[in-house]
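For ligands, and for the atoms within them, numbers begin at 1 and follow the listed sequence. One is the number of the first residue; the rest follow in order along the sequence. Just the heavy atoms: all of them, side chains too, but no hydrogens, waters or symmetry mates, feed the values below.
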Amino acid sequence: MNLRIGQGVDVHTFTDGDHVTLGGVRIPHDRGLKAHSDGDVLIHALCDALLGALALGDIGHHFPDNDPAYKGIDSRILLRRVMEELRSRGFRVVNADMTVLAEAPRLAPHIDAMRAVLAGDMGVGLDRVNIKATTNEGMGYVGRREGILAYATVLVSQGAAGEGA
Ligand code: MG
């Protein structure tokens, strides 16, 4: 089996708004995330991890933020397109582990919904998708509530299906 690992990081700043979209889930908040797309920092980190695993560059290369086609786009559409790139090369996701750093909103109540969305879009079971959320203990730009930061790590495999893969 051909195994590849990938990592991705993304950050978006807060701006005026009444919700954030994370992991494809709309979460009410007194701020929004500034972005050309829907600002789903978690999906963007995940896309970068998937693209990274296949040495396919990054999300900005595939979906330029100066292209009107991607203005306000649902980031799940980008994730599904990245998955098409994986599948067309014979790869599947083994597992994905992600961490979101945000002082607010509180994400714990939304984690399972995000996992379900991302597992569905990647075509894997819930037991292969983990999302963790933490604050930054009041330090730095995350701590000052200036934005949200997300990290993603994925393992992908090509060839013979592993157990349950
Ligand atoms: Mg982004």
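Under the salt bridge (charged side-chain N to carboxylate O under 4.0 Å, His left out) criterion, Asp112 pairs with Arg115, sequence neighbours left out. Not counting sequence neighbours, the partners of His29 by the ring-ring contact (aromatic ring centres under 6.0 Å, His included) test are Phe14.
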Exercise. Going through the checks in order, is the side-chain hydrogen bond (donor to acceptor under 3.5 Å, both in side chains) test met by Thr21 and Asp40?
Worked result: CA-CA 5 Å; Thr21 302; Asp40 196 324; 5.8 Å; no
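Residue Tyr151 is found in a hydrophobic cluster whose other members, listed by chain and number, are Val9, Val11, Leu101, Tyr141, Val142, Leu149; membership requires side-chain heavy atoms under 4.5 Å apart, directly or through intermediates.
Protein-derived N/O/S atoms nearer than 2.8 Å to the Mg ion (ligand 1) total 3, waters excluded.
A salt bridge between Arg81 and Glu85 is absent, with no side-chain N of the basic residue lying under 4.0 Å from a carboxylate O of the acidic one.
A side-chain donor-acceptor contact under 3.5 Å links Asp38 to the backbone of Ser75.
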